[in-house]
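So the structure is just underneath, and the comments pick up after that.
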Amino acid sequence: MRLLVVLFLPTILIAALAGCRMVEAKLPPPDKSYKFLVAIPAVRRNHWNMFKPLLIALANRGHKVVTIQTMAAAFTHPNITEVVVPVPSTTIASRFDVLHDPAGAMVLLEVYLVPLVSRFYSSPKVMQLYNTRHEFDVVMTDHLFNEIGYPFAVGMPFITLATAGVDPHQSAIMGNVLNPAYVPNAFFNYPRPYSLFDRLHNLYTILHEGGYWRVWGMMPKIQREVSVYFPELPPLLEIERNISLSLLNSHLGNSIPVPLLPSQVEVGPMHCVPGQPLPEDLSSWLDGGGVGGGVIYFSLGSVAKGVTMPDKYLRLFIETFSRLKYRVIWKYESKIEGISNNVFIKDWLPQQDILADPRVELFITHGGLLSTQESICHGKPLIALPVLADQPRNAKMIVNRGLGLALEWEELTVKLLVETIKEVLTNPKYKRNIEAASRVDRDRPQEPLETAVFWTEYVARHRGAPRLRSPAADLSWTEFLMLDVVAVVHMAVLVVFLVLRRLLSSLYSQLFTWHYKTKTD
Ligand SMILES: *[C@@H]1O[C@H](CO)[C@@H](O)[C@H](O)[C@H]1NC(C)=O
Ligand SMILES: *[C@@H]1O[C@H](CO)[C@@H](O)[C@H](O)[C@H]1NC(C)=O
């Protein structure tokens with residue numbers, strides 16, 4: 001086996017680099033070297049994974065990229081300059097305290113985002129970069145949780161990466177209001193076709209979450225903090241309306257096709273790359289499991305961290321894994337006592353390389369979008385244990401499309417988990433479905449990363465590409481829904497009705513008088 005890996009190493013490495021190589025080979029060289037400023041104050045590890053391939057591809061094409069963020073990116077490139085503003089880590093409560101509770105998750109975000117504003121903008125490094133932002137050609141940011149970075153975009157061509165893919169709020173800002181009769185909100189999905197109650201619930205959730213974020217909850221608090229540093233700037237939500245382009249982390253809307261504007265370009269999953277050989281310790285440990293052993297990879301991602309898992313679940317997983325004959329790779333951030341020797345634990349693991357390894361046959365995940373996409377990309381069936389945010393929705397998608405199964409934390413028992421694992425590992429339909437999904441995902445005229453590079457350079461070439469922008473983005477809600485027109489039409493109908501009624505009644509009374517007169521005459 002090791003010999004085989006050594007023999008094929010050059011091929012594997014070439015395949016691993018292919019993602020970036022292909023972009024350079026297929027697109028004509030850029031007309032000049034542009035400067036991109038990437039301002040992402042609130043970006044965590046998982047969102048970085050989406051920025052990384054694009055920034056590297058741009059840098060490989062000779063562009064200069066400067067990033068400003070609060071977490072080191074863990075890669076270096078001669079054409080990428082990283083400015084890191086370390087913020088003291090907030091004591092974030094366990095995500096398990098807000099299991100399946102979108103409102104609770106929002107409170108966690110508030111505790112993190114609102115104080116982040118002053119932590120970020122009180123840094124001289126940030127202000128220095130802010131003052132030189134006009135030297136750049138394009139500003140980029142994340143369209144999720146990063147309104148704090150919008151001051152960098154004032155009067156600049158401005159691209160967002162929508163790491164969550166198609167999202168009704170994000171789309172509406174660009175002038176594309178998706179129909180809640182069939183496009184789900186960010187948290188829940190419903191069986192199709194949506195029933196009357198589902199559509200009511202969907203509309204309510206979209207309006208309520210949007211209202212909380214933009215109107216009465218989060219944004220007013222963030223705006224107040226930002227205005228301390230930038231009293232002269234237009235409001236953040238005003239700046240947001242000027243987005244030139246949004247790159248969406250989705251493909252075919254991720255599960256359903258949706259109408260998109262020319263300024264909304266689907267580039268998901270551009271973070272998906274061919275796997276590289278596993279680290280030596282892990283690889284040789286996997287070899288010890290024998291052939292056809294069915295290795296399980298278990299990770300709750302970087303947001304729903306393993307260490308925040310309540311003790312009862314921790315013990316449940318230890319017990320479950322000890323009853324399996326399969327080997328388990330477990331991403332966990334600290335040591336675990338009493339673990340059986342078929343389990344390999346490490347705090348950081350190369351997820352895509354593991355998923356790409358032919359020995360790995362199942363991914364037990366929290367169902368985050370990026371993890372789910374990577375599993376589809378590498379054709380590995382899933383068991384989803386959603387914790388919060390869009391994870392329940394992704395879990396439903398996994399079940400609906402037969403890519404694996406999903407479990408609720410509250411119903412978890414050792415017996416249920418063992419049975420579910422055995423079902424997904426032994427029933428070939430999950431593998432078949434996810435491999436078919438993977439083939440469909442890859443079948444497109446252009447690599448998603450290439451598409452992303454093309455449109456990013458397009459915005460730089462055309463100084464914001466104003467022609468891409470939908471006029472709908474400039475309309476108020478009254479204008480967009482034509483409420484004023486509806487009011488005018490109603491008024492006109494009312495006037496016509498009143499005039500007719502007046503005419504008819506006077507005609508009638510005249511007829512009546514005439515009739516009465518002729519009778520009495
Ligand atoms: C960095 O950019 C320059 C042009 O600005 C280019 O010649 C060089 O190849 C790039 N470096 C890498 C490692 O791609
Ligand atoms: C939006 O873009 C227009 C046209 O480029 C510009 O005049 C305006 O100042 C911009 N507004 C904001 C808030 O950046």
Side-chain angles (χ1 to χ4, degrees), residues 9-40 43 45 47-69 71-85 125-126 128-142 149 152-153 156-161 163 244-245 247 249 265 267-277 279 350 352-353 356 446-465:
L9 200 58
T11 332
I12 296 171
L13 280 179
I14 287 168
L17 290 170
C20 295
R21 281 247 178 106
M22 253 184 279
V23 169
E24 285 154 59
K26 283 193 196 157
L27 289 174
D31 56 328
K32 59 179 261 212
S33 165
Y34 291 104
K35 289 180 80 179
F36 296 91
L37 175 58
V38 185
I40 36 180
V43 157
R45 179 75 60 205
H47 287 206
W48 248 124
N49 291 345
M50 180 159 171
F51 276 89
K52 191 170 140 184
L54 177 59
L55 301 187
I56 291 178
L58 290 171
N60 283 347
R61 285 170 66 76
H63 301 303
K64 295 281 178 272
V65 178
V66 176
T67 68
I68 176 124
Q69 78 271 9
M71 188 201 72
F75 68 88
T76 54
H77 190 290
N79 291 341
I80 301 179
T81 312
E82 217 189 330
V83 180
V84 183
V85 186
K125 283 195 277 190
V126 176
Q128 193 187 355
L129 203 54
Y130 173 79
N131 290 328
T132 57
R133 70 191 198 286
H134 291 297
E135 293 167 13
F136 290 85
D137 296 290
V138 174
V139 170
M140 295 168 84
T141 188
D142 189 325
F152 281 88
M156 295 287 293
F158 172 24
I159 298 177
T160 60
L161 259 68
T163 33
S244 308
L245 171 76
L247 299 172
N249 179 25
V265 178
V267 296
M270 70 174 173
H271 60 281
C272 179
V273 290
Q276 296 184 46
Q352 287 206 56
D353 302 338
Q446 194 177 36
E447 290 288 321
L449 183 57
E450 206 182 307
T451 312
V453 168
F454 174 86
W455 287 104
T456 305
E457 288 179 354
Y458 182 94
V459 168
R461 273 198 298 277
H462 303 292
R463 295 291 302 155

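Just so you know, ligand 1 is whichever comes first in the structure, and atom 1 is the first atom listed for that ligand.
Taking the six-membered ring where the residue is Trp, the centroids of F152 and Y130 are separated by under 6.0 Å.
K26 has no carboxylate O lying under 4.0 Å from a charged side-chain N of E447, or vice versa, which leaves the two without a salt bridge.
In this pair, F454 and Y458 present their aromatic rings tilted. The plane angle is within the 30 to 60° band.
The residues lining ligand 1, counting any heavy atom closer than 4.0 Å, are A59, N60, G62, K64, H77, P78, N79.
Every residue two or more places apart in sequence or in another chain that forms a ring-ring contact (aromatic ring centres under 6.0 Å, His included) with Y34 is listed here: H63.
Partner of E457 under the side-chain hydrogen bond (donor to acceptor under 3.5 Å, both in side chains) criterion, out of H462, R61, K32: R61 alone.
Shown here for G149 and A39, the closest heavy-atom pair between the two residues is O-CB, 4.4 Å.
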